[in-house]
Participant: 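Quick one: the structure is below, questions incoming.
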Amino acid sequence: MADTNEWIGREERQTDRLSVPLAHRWLATLNLTPREDGPMPQGIHWCLCVPETPTARLGPDGHPASDGSPGSFQRPVQAARRMWAGSDITFHAPIPVSAWIERISRIEAIEEKHGGSGKLTFVTVNHETRADSVLAVSEQQTLVYRDAPPPGMPPAPPPLGDTRFDAGEWDAVERMVPTMPLLFRYSALTFNTHRIHYDADYVRNVENYRGPVVHGPLTATLLLRLAARKCGENRLARFAFRGTSPAIVDEGLVLALRGPRDALELGAFAADGRQVMKAEAACQG
C-alpha cells in the first residue's frame, strides 16, 4: 500500500442539484408520496454528489479504481473487499427539493488493523453537505477494506437458522423483504456499480457472499424511515449506524426501534434474529 500519510487531509468538492425528477425517483423507490417542493425526508443526502467516475476507470469490483496518482481522492488501498462499515451523522437542516448542493469530503484517518479475518484497513472520511449554502448534514463515514477470503471458506453470512427474531423487547417492529428491483433502483440513485449488489455470480464466486448484498445506506435509510415515524419527518438531530453482518436480497429483513426520543436504539435483523445493523438516534427537542 502506498504511504497513507499522503492521503490524510485530502479533500474533494462536489456539486449537485436535488432536482424534482431525482426527488420523485427517490420517493418512488421507498413507496413515498411524490412532491414538487418543500423539504425531502432525511437520508436523501446519500443520493447527492454521487461519484461520476468514467466506466473505463472502474475496478474489477465495479468501484472506482485506486490509481494512487498525486492529488487523487481515491484511497490507496488495494483489497478485494470494500464495505461501508458505518456513519455518524448530525442533521442540521432539511434539504429542500430543487436546492443546489455542495459536498466537501476530507480523508481524516487511514488505519490498519489485524483481526481473525486478516488485515483490515479502516478509512475515515468526513463529509459536509450544504443545501443552498446552508449546512444540512455532517457525516463521519467509516469504510473498511479487507482481502478476499481464503479458498474453502463457507459463504457469508451463514444460512438462515431455525430461530426467529423476538419482537417482544422492541417498541416498534416492521418486516419487509429487500428485492432485486429495490437494490437496482438504489444502485441507480447512488450511481453505485459495486457488483456485490447485482452480480450474483461475482458475489458468490469472488467475494464469497451467499447472494447479492443489500446496500448499507439503504438499510440505514429504512431505519431512518422507522425513526421518522417516532420523531416526525425531519426531526432527527443525530443518527449513527454500524453494519454488523450482510443482509441478503430476497430474505426477510426486520426493522426494530425502542427507547426514549433522546436515546433511540434501532436495529435491522435477518428473519432468524441475526443482527444486520446497529443504530442509535436522537430526536430534536
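Side-chain atoms are counted along with the backbone in the values below, which use heavy atoms only and exclude waters and symmetry mates.
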Participant: Identify the heavy atoms of Met180 and His197 that sit nearest to each other, and give their distance.
Facilitator: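 Answer, listing the atom of Met180 first, then His197: CE-O, 3.7 Å.
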Participant: Does a side-chain heavy-atom distance below 4.5 Å link Ile95 with His45?
Facilitator: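 Result yes, sub-4.5 Å side-chain heavy-atom pair found.
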Participant: Indicate yes or no: at least one non-hydrogen side-chain atom of Asn192 is less than 4.5 angstrom from one of Pro51.
Facilitator: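 A side-chain contact under 4.5 Å is absent here.
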Participant: Do Glu11 and Arg13 have side-chain heavy atoms sitting under 4.5 Å apart?
Facilitator: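 Contact flag for Glu11/Arg13 side chains = yes.
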Participant: Looking at Tyr209, is Arg81 sitting on its ring face, NZ or CZ under 6.0 Å from the six-membered ring centre and within 45 degrees of the normal?
Facilitator: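 Yes, Arg81 and Tyr209 form such a contact.
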Participant: Donor-acceptor pair, Glu111 side chain versus Thr121 backbone, under 3.5 Å?
Facilitator: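 Not confirmed, Glu111 side chain does not pair with Thr121 backbone.
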Participant: Quick one: pull up CG in Leu218 and CE in Met277 and give me the separation to the nearest 0.5 Å.
Facilitator: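 The CE atom of Met277 is 9.0 Å from CG of Leu218, to the nearest 0.5 Å.
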Participant: Determine yes or no for a side-chain-to-main-chain donor-acceptor pair under 3.5 angstrom, with Asp171 supplying the side chain and Gly259 the backbone.
Facilitator: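 Yes; judged by distance alone, with no hydrogens or angles, the pair exists.
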Participant: For Ser138 and His92: C-alpha separation, side-chain torsions, deciding distance, then whether side chain to side chain contact (heavy atoms under 4.5 Å, CB included) applies.
Facilitator: CA-CA 8 Å; Ser138 300; His92 302 279; 2.8 Å; yes
Participant: How long is the gap from CG on Leu222 to CG on Leu253, to the nearest 0.5 Å?
Facilitator: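 It comes to 7.0 Å.
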Participant: Just do the side chain to side chain contact (heavy atoms under 4.5 Å, CB included) check on Glu102 and Thr129 with the steps written out, would you?
Facilitator: CA-CA 6 Å; Glu102 180 185 37; Thr129 301; over 6 Å; no
Participant: Same cluster or not: are Leu266 and Trp170 linked, directly or through other Ile, Leu, Val, Met, Phe, Trp or Tyr residues, by side-chain heavy atoms under 4.5 angstrom apart?
Facilitator: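 No: no chain of side-chain contacts under 4.5 Å links Leu266 to Trp170.
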Participant: Nearest 0.5 Å, please: how far is CD in Glu108 from OG1 in Thr142?
Facilitator: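 The distance works out to 11.0 Å.
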Participant: What do the steps show when you test Leu22 against Leu189 for side chain to side chain contact (heavy atoms under 4.5 Å, CB included), and what is the final call?
Facilitator: CA-CA 8 Å; Leu22 173 57; Leu189 285 168; 3.8 Å; yes
Participant: Using a 4.5 Å cut-off on heavy atoms from C-beta on, say whether the side chain of Tyr145 contacts that of Val123.
Facilitator: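 Yes - at least one pair of side-chain heavy atoms lies under 4.5 Å apart.
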Participant: I'd like to know whether Leu264 forms a side chain to side chain contact (heavy atoms under 4.5 Å, CB included) with Cys231, so could you lay out the CA-CA distance, the side-chain angles of the two residues, the decisive distance to 0.1 Å, and finally the verdict.
Facilitator: CA-CA 10 Å; Leu264 292 174; Cys231 299; 3.7 Å; yes
Participant: Under a 4.0 Å N-O cut-off, is there an ion pair linking Arg225 with Glu174?
Facilitator: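 A salt bridge is absent here (no side-chain N lies under 4.0 Å from a carboxylate O).
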Participant: Starting at CG of Leu226, measure out to CE of Met176 and round the result to the nearest 0.5 Å.
Facilitator: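 Reported to 0.5 Å precision, the distance equals 11.5 Å.
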Participant: Mind listing the closest non-hydrogen atom pair of Cys47 and Trp26 along with its distance?
Facilitator: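 So the minimum-distance heavy-atom pair works out to SG-CD1, 3.5 Å.
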Participant: From Ile248 CD1 over to Leu160 CG, what is the distance, rounded to the nearest 0.5 angstrom?
Facilitator: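 Atom-to-atom, Ile248:CD1 and Leu160:CG are 9.0 Å apart.
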Participant: With a 4.5 Å cut-off on side-chain heavy-atom distances among I, L, V, M, F, W and Y, is there a chain of contacts connecting Leu18 to Leu32?
Facilitator: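 As far as the 4.5 Å side-chain criterion goes, Leu32 and Leu18 are connected within one cluster.
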Participant: Please assess His215 against Thr190 for the test side chain to side chain donor-acceptor pair (under 3.5 Å), listing each intermediate value before the final yes or no.
Facilitator: CA-CA 10 Å; His215 313 66; Thr190 54; 5.2 Å; no
Participant: Do the ring planes of Phe241 and Phe239 sit parallel (below 30°), tilted (30 to 60°) or perpendicular (above 60°)?
Facilitator: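 Answer is tilted, since the angle falls between 30° and 60°.
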Participant: Measure the acute angle between the ring planes of His63 and His194, then classify it against the limits of 30° and 60° as parallel, tilted or perpendicular.
Facilitator: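 It falls in the tilted class, 30° to 60°.
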Participant: With a 4.5 Å heavy-atom cut-off, do Tyr202 and Asp61 have their side chains touching?
Facilitator: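 Side chain of Tyr202 against side chain of Asp61, heavy atoms only: contact under 4.5 Å found.
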Participant: Between Glu207 and Arg195, does any NZ, NE, NH1 or NH2 come within less than 4.0 Å of an OD or OE carboxylate oxygen?
Facilitator: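 Salt bridge between Arg195 and Glu207, a charged N being under 4.0 Å from a carboxylate O: no.
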Participant: Write down the atom of Ala270, the atom of Val254, and the distance for their closest heavy-atom approach.
Facilitator: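 In this case the closest contact between Ala270 and Val254 is O-CG2, 4.3 Å.
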Participant: Roughly how far, to the nearest 0.5 Å, is the NE2 atom of His24 from the CZ atom of Arg35?
Facilitator: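 Reported to 0.5 Å precision, the distance equals 9.5 Å.
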Participant: Please determine whether a side-chain nitrogen of the Lys or Arg among Glu265 and Arg258 lies less than 4.0 Å from a carboxylate oxygen of the Asp or Glu.
Facilitator: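 Arg258 and Glu265: salt-bridged.
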Participant: So which heavy atom on Pro246 is nearest to which on Val276, and how close?
Facilitator: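 It is O-CG2, 4.3 Å.
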Participant: Do the two ring centres, one from Tyr186 and one from Trp46, sit under 6.0 Å apart?
Facilitator: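 Judged by ring-centre distance (under 6.0 Å), Tyr186 and Trp46 do not meet the cut-off.
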Participant: For the hydrophobic clusters of this structure (ILVMFWY residues joined by side-chain heavy atoms under 4.5 Å, transitively), does one cluster hold both Val206 and Met83?
Facilitator: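 The answer is yes; both residues are in one hydrophobic cluster.
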Participant: Are any side-chain N or O atoms of Arg204 and backbone N or O atoms of Gly211, one a donor and one an acceptor, separated by less than 3.5 Å?
Facilitator: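 No; judged by distance alone, with no hydrogens or angles, the pair does not exist.
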Participant: Are Arg103 and Glu128 ion-paired here, with the side-chain N under 4.0 Å from a carboxylate O?
Facilitator: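 So Arg103 does not pair with Glu128 through a salt bridge.
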Participant: Going by heavy atoms in the side chains, are Trp7 and Ile110 under 4.5 Å from each other?
Facilitator: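 Touching, per the 4.5 Å side-chain cut-off.
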Participant: Is Lys113 positioned over the aromatic face of Phe122, cation under 6.0 angstrom from the ring centre and no more than 45 degrees off axis?
Facilitator: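 Lys113 over Phe122 ring: yes.
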Participant: Any non-hydrogen side-chain atom of Arg238 less than 4.5 Å from a side-chain atom of Glu280?
Facilitator: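 The answer is yes, as the side chains (C-beta and beyond) meet within the 4.5 Å cut-off.
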Participant: Would you find a donor on one side and an acceptor on the other, under 3.5 Å apart, between the side chain of Asp37 and the backbone of Val97?
Facilitator: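 Not at all, since once roles are kept as given, no pair shorter than 3.5 Å links the two residues.
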Participant: Does Pro94 offer a backbone N or O that forms a donor-acceptor pair with the side chain of Asn234 under 3.5 Å?
Facilitator: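 Absent.
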Participant: Less than 4.0 Å between a side-chain N and a carboxylate O, is that true for Glu12 and Arg10?
Facilitator: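 Result for this pair is no, no salt bridge flagged.
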Participant: Please answer: with hydrophobic residues joined when any side-chain heavy atoms are less than 4.5 Å apart, are Val20 and Ile101 in the same cluster?
Facilitator: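 Both belong to a single hydrophobic cluster.
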Participant: For the residue pair Leu257 and Arg229, establish whether any side-chain heavy-atom pair is separated by less than 4.5 Å.
Facilitator: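 Result no, sub-4.5 Å side-chain heavy-atom pair not found.
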Participant: For Arg274 and Glu251, which heavy atoms make the closest approach, and how far apart are they?
Facilitator: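 Closest approach of Arg274 to Glu251, heavy atoms only: NH2-OE1, 4.5 Å.
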Participant: Which residue, Gln140, Gln141, Glu139, forms the side-chain hydrogen bond (donor to acceptor under 3.5 Å, both in side chains) with His127?
Facilitator: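 Answer to the side-chain hydrogen bond (donor to acceptor under 3.5 Å, both in side chains) test with His127 among Gln140, Gln141, Glu139: Gln141.
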Participant: Can you name the nearest heavy-atom pair linking Leu223 to Ala279, along with the distance?
Facilitator: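 Closest heavy-atom pair between Leu223 and Ala279: CD1-CB, 4.1 Å.
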Participant: Please check if Phe91 and Leu30 belong to a single hydrophobic cluster, counting links between Ile, Leu, Val, Met, Phe, Trp and Tyr side chain heavy atoms closer than 4.5 Å.
Facilitator: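 Same cluster: Phe91 reaches Leu30 through Ile, Leu, Val, Met, Phe, Trp or Tyr contacts under 4.5 Å.
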